[in-house]
Student: 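Submitted below is the structure of interest, expressed as structure tokens.
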Amino acid sequence: MRISFLVGAAALVLTACSSTPAPAPAAAPDFWDAHTVHGSMPEEPETVEELASQSQLVVLGTIGGVTEGRDYTDPGKPAHRTSNVAIQVEKANRAGVPQAVVEFSRQPETALADVASALPKGRYVFYLQHWYDGPDGPVYSCTSVGMCAVGVDGGSVTTPREPGLAEDLRAEGRVPVKNQAPSPDGLTVDRIFVDSAAAVPAG
């Protein structure tokens, strides 16, 4: 009788162990989270026009792909890897720019394959400076880390690389567009591009 009880108890333990679900695989990191820069940042421009006036190139487009960028890791320091993000350009402040490649610093624990499988779908205005000439053409850096990409969602500005900036704008009731004339369509990413493109210095 005692032997039967022990065998039955052991069977229950084995059944419980075998029915325990395996841990779910870790979710792939969000594209923007993987390219968020932590730590202190310089003060951001008050308006998109001010930001554009400090830029060499302003484009409206979508993210079409990402490849491995330069590795800036110093010996004995944490990894500092980058992603080269390909922007499919819909409009630019100058002619002849079908695509722009932008270097984003990537979180050291994030593999390129993780972000490549989860590209954002939205349209954004990008504010860029020439950084270096790559084998396939120029590679740009962000004029502003937090406001490198500016979008619009439901009539409100979004800053996906640093969401806190857009949250602060909403809390303060500010729209970072100098020309705030009423529009039947409200605030759109196209309007932000038009106002920004007009503010890029000539040359």
Student: Under a 4.5 Å side-chain heavy-atom rule over Ile, Leu, Val, Met, Phe, Trp and Tyr, are Val59 and Trp131 clustered together?
Tutor: no
Student: To the nearest 0.5 angstrom, please state how far the CG atom of Leu128 sits from the CG atom of Asn93.
Tutor: 9.5 Å
Student: What's the shortest heavy-atom distance between Val102 and Cys142, and which atoms?
Tutor: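 Distance-wise, the nearest heavy atoms are CG1-SG, 4.1 Å.
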Student: Out of Ser144, Ser196, Ser55, Ser53, which one pairs with Tyr127 under the side-chain hydrogen bond (donor to acceptor under 3.5 Å, both in side chains) rule?
Tutor: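 For Tyr127, the side-chain hydrogen bond (donor to acceptor under 3.5 Å, both in side chains) test succeeds with only one of Ser144, Ser196, Ser55, Ser53, which is Ser196.
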Student: Taking all atoms of both residues into account, what is the closest heavy-atom pair of Ser105 and His80, and its distance?
Tutor: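 Heavy atoms of Ser105 and His80 come nearest at OG-NE2, 3.0 Å.
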Student: Please determine, by modelled atom types, if Asp71 and Thr73 share a side-chain donor-acceptor pair under 3.5 angstrom.
Tutor: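 Checked: Asp71/Thr73 side chains pair up, N/O donor to acceptor below 3.5 Å.
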Student: Would you say Thr159's side chain and Met147's backbone share a donor-acceptor pair under 3.5 angstrom?
Tutor: no
Student: In sequence, state the C-alpha distance, the side-chain angles, and the governing distance for Asp190 and Glu90, and then conclude on side-chain contact (heavy atoms from CB on, under 4.5 Å).
Tutor: CA-CA 10 Å; Asp190 296 271; Glu90 184 180 326; 4.3 Å; yes
Student: Show the numbers, then the answer: is there a side-chain contact (heavy atoms from CB on, under 4.5 Å) between Val48 and Val125?
Tutor: CA-CA 10 Å; Val48 294; Val125 180; over 6 Å; no
Student: Just so I know, are the side chains of Leu112 and Arg106 near enough to count as touching, which here means a heavy-atom distance under 4.5 Å?
Tutor: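 In short, these two side chains touch, coming nearer than 4.5 Å.
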Student: Do the numbers put Arg123 on top of the ring of Phe193, so that NZ or CZ is under 6.0 Å from the six-membered ring centre and no more than 45° off the axis?
Tutor: no
Student: Are Val152 and Thr188 close enough, and set up right, to give a side-chain contact (heavy atoms from CB on, under 4.5 Å), and what steps lead you there?
Tutor: CA-CA 6 Å; Val152 174; Thr188 64; 5.6 Å; no
Student: As an exercise, state the distance from CD1 of Ile63 to CZ of Phe126, rounded to the nearest 0.5 Å.
Tutor: 4.5 Å
Student: How long is the gap from OG1 on Thr82 to CZ on Phe104, to the nearest 0.5 Å?
Tutor: 11.0 Å
Student: Between Tyr140 and Pro138, which heavy-atom pair has the shortest distance, and what is it?
Tutor: OH-CG, 3.8 Å
Student: If you take all heavy atoms of Ala52 and Val58, which pair is closest and at what distance?
Tutor: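 For Ala52 versus Val58, the nearest heavy atoms are CB-CG2, 4.1 Å.
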Student: With rounding to the nearest 0.5 Å, note down the distance linking OG in Ser83 to CD in Gln107.
Tutor: 10.5 Å
Student: Report the distance from atom OG of Ser117 to atom CZ of Phe31, rounding to the nearest 0.5 Å.
Tutor: 11.0 Å
Student: Linking I/L/V/M/F/W/Y whenever their side-chain heavy atoms sit closer than 4.5 Å, directly or via other members, would Val139 and Val97 fall into one cluster?
Tutor: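 In one cluster with Val139: Val97, no.
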Student: So Glu162 and Thr36, side-chain contact (heavy atoms from CB on, under 4.5 Å) or not? Walk me through it.
Tutor: CA-CA 7 Å; Glu162 182 49 65; Thr36 296; 4.1 Å; yes
Student: In terms of hydrophobic clustering (I, L, V, M, F, W, Y; side-chain heavy atoms under 4.5 Å; direct or indirect links), are Tyr72 and Val101 co-clustered?
Tutor: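 Tyr72 and Val101: one cluster.
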Student: Between Gln56 (side chain) and His130 (backbone), is there a donor-acceptor pair under 3.5 Å?
Tutor: yes
Student: Pick one: which of Leu165, Val189, Leu187 meets side chain to side chain contact (heavy atoms under 4.5 Å, CB included) with Val157?
Tutor: Leu187
Student: Considering all heavy atoms of both residues, which atom of Glu46 and which atom of Glu50 are nearest to each other, and what is their separation?
Tutor: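 Here Glu46 and Glu50 meet closest at N-OE1, 3.0 Å.
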Student: How far does SG of Cys148 sit from CH2 of Trp32, to the nearest 0.5 angstrom?
Tutor: 7.0 Å
Student: Test your reading of the model: is there a side-chain donor-acceptor pair from Asp74 to the backbone of Lys77, 3.5 Å cut-off?
Tutor: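 No, Asp74 side chain to Lys77 backbone: no donor-acceptor pair under 3.5 Å.
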